[in-house]
Colleague: 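There's a structure below that I have some questions on.
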Amino acid sequence: MPELPEVEVVTRSLKRTIRNHKIIKITVNNRNLRFKLQKNFEHILKNKIVKNIKRKSKYIIFDFDNHFYAVLHLGMSGTLHVPSKKKITNLSFYSNPVLPKKHNHIIMNFKNFKLIYNDPRRFGYFKILNSKYEFDEYFTRIGPEALDKSFNLIYLKNKIKNRKKNIKNFLLDQKIVSGIGNIYANEILFKSQISPMKSVKKLTLIDLDKIIKFSRITLKSAIKFGGSSIRDFKSISGDGGSFQTKFKVYDRENQKCVKTKCKGIIKKIYISNRSTFICNFCQK
Ligand SMILES: [Zn+2]
């Protein structure tokens, strides 16, 4: 599943490709995405110019100006492709070298190219928001982004009050902080030397400070390396990211802890059915 860094990478390449271009025509092959695509989607967006492409948490926002937006969530396996003669951009899912056409659900035609939304598992979706009110309302459900200044010590201190959650589930709760998914929650807690099972009630201010600091460092570094190419993630150009080679704890079961002087071996456990990697020696 693409997490914040991967969505940011897609957003940046999408912005370079379609900003200020006009949608000439949209073909919808399958409306049954996670939420059914609204009936007149293709007509509403026809002849609209994409003024900007932005990201909010894990949502990609097509900004058509005047508070008119199409919001895209890539779900588990959604990808965007711009096929061209010079370069094959329709790269693989699950090591398949061919973009499976039957999963090309939405095709946006611009003057000289087209943008394909492909999604084998159909957990992604598009939603049109056509006023400032609708836009703000839609995003009130999600908490501040981990990279945002409002994700700070005062905010976190207030949020952990009277809660019993463990810190891993807390970080994964998008209403509390948005943009941290399973991989990055594992990495952040390892770097902060905090056990994912620790109750948020027991976190000290120093712990919270570390969590904020390492959330930023981890996400920024992942964006820099083009996201993590695990399973099905590819950016719009078809290039994979390389952050997976920088994982310190995620997917390192039975390997030695990378912290100097630590003799721990990484264990894999499950917290709320999600794979969790931990060094019992240095994460307390
Ligand atoms: Zn360790």
Side-chain angles (χ1 to χ4, degrees), residues 1-9 58 143-148 151-153 155-157 159-161 163-174 176-233 240-284:
M1 183 190 319
E3 296 193 18
L4 185 148
E6 291 82 50
V7 178
E8 174 65 22
V9 173
K58 294 203 281 185
E145 186 168 286
L147 289 170
D148 209 275
F151 180 63
N152 55 35
L153 200 55
Y155 175 80
L156 270 192
K157 220 176 102 185
K159 283 287 167 188
I160 61 170
K161 259 185 207 159
R163 283 195 200 241
K164 289 182 190 139
K165 265 187 191 205
N166 62 57
I167 179 60
K168 184 159 181 251
N169 281 338
F170 180 86
L171 287 179
L172 290 175
D173 185 342
Q174 303 298 305
I176 293 168
V177 52
S178 67
I180 299 179
N182 193 43
I183 295 174
Y184 299 107
N186 274 290
E187 291 293 308
I188 292 162
L189 291 171
F190 175 77
K191 289 174 190 164
S192 309
Q193 298 190 286
I194 296 168
S195 164
M197 289 167 298
K198 192 167 183 174
S199 161
V200 293
K201 272 196 305 194
K202 293 187 179 153
L203 292 172
T204 63
L205 288 182
I206 294 171
D207 288 337
L208 295 179
D209 225 18
K210 279 196 229 163
I211 288 167
I212 294 164
K213 181 177 138 196
F214 287 112
S215 296
R216 292 197 180 129
I217 290 176
T218 307
L219 293 175
K220 277 187 182 165
S221 159
I223 291 168
K224 196 175 136 204
F225 288 100
S228 310
S229 284
I230 55 158
R231 299 195 196 100
D232 34 20
F233 173 70
S242 64
F243 192 70
Q244 68 279 11
T245 62
K246 308 266 183 277
F247 289 163
K248 304 275 187 242
V249 72
Y250 186 83
D251 214 13
R252 297 194 73 248
E253 189 183 13
N254 294 328
Q255 294 183 45
K256 274 173 72 181
C257 174
V258 296
K259 284 246 180 337
T260 30
K261 288 181 186 161
C262 180
K263 296 214 159 39
I265 300 287
I266 307 300
K267 297 259 176 301
K268 182 182 185 179
I269 57 168
Y270 287 90
I271 296 179
S272 304
N273 287 323
R274 283 162 171 262
S275 35
T276 304
F277 298 87
I278 176 176
C279 170
N280 284 324
F281 271 72
C282 60
Q283 287 178 267
K284 298 290 178 197

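Here, residue 1 is the first one in the sequence, and each next residue gets the next number. Every number for a ligand or one of its atoms is a count from 1 in the order of the listing. Bear in mind that the values here come from a model prediction, so they are computed numbers and not experimental data.
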Colleague: Got a sec, which residues hit salt bridge (charged side-chain N to carboxylate O under 4.0 Å, His left out) with Glu145, two or more places apart in sequence or on another chain?
Modeller: Arg55
Colleague: Do any pairs count as a side chain to side chain donor-acceptor pair (under 3.5 Å) and have a residue in residues 203-218, sequence neighbours left out, and if so which ones?
Modeller: Lys191-Thr218, Lys198-Asp207, Thr204-Asp207
Colleague: With no hydrogens and no angle check, is any side-chain donor or acceptor of Ser178 less than 3.5 Å from a backbone partner on Gly143?
Modeller: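 The answer is yes, because a donor-acceptor pair under 3.5 Å joins these two groups.
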Colleague: Under 3.5 Å, is there a donor-acceptor pair between the Lys248 and Asn186 side chains?
Modeller: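 Lys248 vs Asn186: no donor-acceptor pair found between side chains.
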Colleague: Under the rule for side-chain hydrogen bond (donor to acceptor under 3.5 Å, both in side chains), what residues qualify as partners of Gln255, not counting sequence neighbours?
Modeller: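 In terms of side-chain hydrogen bond (donor to acceptor under 3.5 Å, both in side chains), with neighbours along the sequence ignored, Gln255 is linked to Arg252.
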Colleague: Below 2.8 Å of the Zn ion (ligand 1), tally up the protein N/O/S atoms for me.
Modeller: 4
Colleague: Counting only N and O atoms by type, is there a donor-acceptor contact under 3.5 Å from the side chain of Asp148 to the main-chain atoms of Phe151?
Modeller: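 Flag not set: sc Asp148 to bb Phe151 has no pair under 3.5 Å.
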